[in-house]
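Read through the structure below, which is laid out as structure tokens, and then see the notes.
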Amino acid sequence: MQTNWKIGSLFGIPLFLDPLWFVILGLAILNFGVAYQEWGTFTAWSAAVVMALLLFASVLLHELGHSLVAQSQGIKVNSITLFLFGGIAAIEEESKTPGKAFQVAIAGPAVSIILFLLLRFGANVVPESSPVSVMVGDLARINLVVALFNLIPGLPLDGGQVLKAALWKATGDRFQAVHLAAKAGQILGYGAIALGFALDFLTKELVFGLWIVLLGWFGVRNAKSYDQVTTLQETLLQLVASDSMTRDFRVIDAHQTLRDFADLYLLDTTSPQIYFAASDGRYRGMVSPDDLRTIPRSEWETQTLHTIVHPLTTIPTITESTSLAEVINKLEKEQLPRITVLSPAGAVAGVIDRGDIVRLLAQKLNLQITEVEIKRIKEEGNYPPGLQLGVIAKSTIN
Ligand SMILES: [Zn+2]
């Protein structure tokens, strides 16, 4: 994503170009330029450039169709990117109902079909077999192909999203629906790869065959990632805070003086240093070494931890049975390094940070994440690039 160029924004949605998109642009210019040669070299290539840009506009309008319907449902659209295989609208979360998910999915192909019909009609109005009429006719066909191709019923295509919405409606289980639509996408993707190779071996359509192989490969890869994200979402709902929490904190006597606490803190080599103060068998709250600075040193001998303790009711807490999805969401929303888990009796049961969450998920889902990486996550407080749990948790709770 970092290598994409931002070329502007529409309706508040940033617009990006993947450098590989210029491959499409080049191929389109070449294709139309050759096809229009009878109009003379200059006219042919000029018309080809115009057609390539109109192809760009067609794909953009298709993606805007998805995006604007999503926005009308109150869903944020993070970006629209044009890349090697067309366009992609990065829609932040799932629609609330299967019906609404269907509307977002069908909006893109609907735009393409409407463009096809308008252009088809337009081609009849302009003088027959003039360059403009040919170009409008070609653009109409392109939009029809964009619509029909996208309606192939497997994720990541729009048809797959439609299938997902239908299965979601029928079964009431969104996750199961995504798994099935992703499975369909994988089967179709492998089918495309086989078809592409068959074209390569049986016909002279080498470039076209390879193109189909590439499309199929892209489809399989994306369908798998839909499947994985869904498995992750299910896991985040099944696991709870007590599965992931650690007891990496110290309980200290709330009656001790700030001087004693300072000495203890300076000698304590455990990391991270998390302290809870208790007295008379009750947790009084969390103690942060930073708060020592707010009290003049001259008073450290006389003041106790009671002066600086943050009562449990004032710090961010969750219960042991809070789902992991909600834990992640709360950490992100309130920008916390960690959160305290309370037992039903109101005692401190444990603490959770991002490293603890990743460690548990790695163990449950067999992800290859080393202890070194987990230590880094614990220290730096951000998730690995390939595991954007903040975004995934947000779309899970929905
Ligand atoms: Zn689409």
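Counting convention: from 1, in listed order, for ligands and their atoms alike.
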- Donor + acceptor pair across side chains of Q186, Y226 (<3.5 Å): no
- Which atom of D158 is nearest the Zn ion (ligand 1), counting N, O or S only? It is OD2
- Item | Pair E371 + R376, salt bridge at N-O below 4.0 Å | no
- To the nearest 10°, how many degrees is the angle H62 NE2 to the Zn ion (ligand 1) to H66 NE2? 100°
- Message: Strictly under 2.8 Å, is the Zn ion (ligand 1) approached by any N, O or S atom of E63?
- Response: no
- Does a donor on one side chain and an acceptor on the other come within less than 3.5 Å for Q233 and S395? yes
- Note on the structure: Closest heavy-atom pair, V146 versus S112, reported as atoms and distance to 0.1 Å, is CG1-OG, 3.6 Å
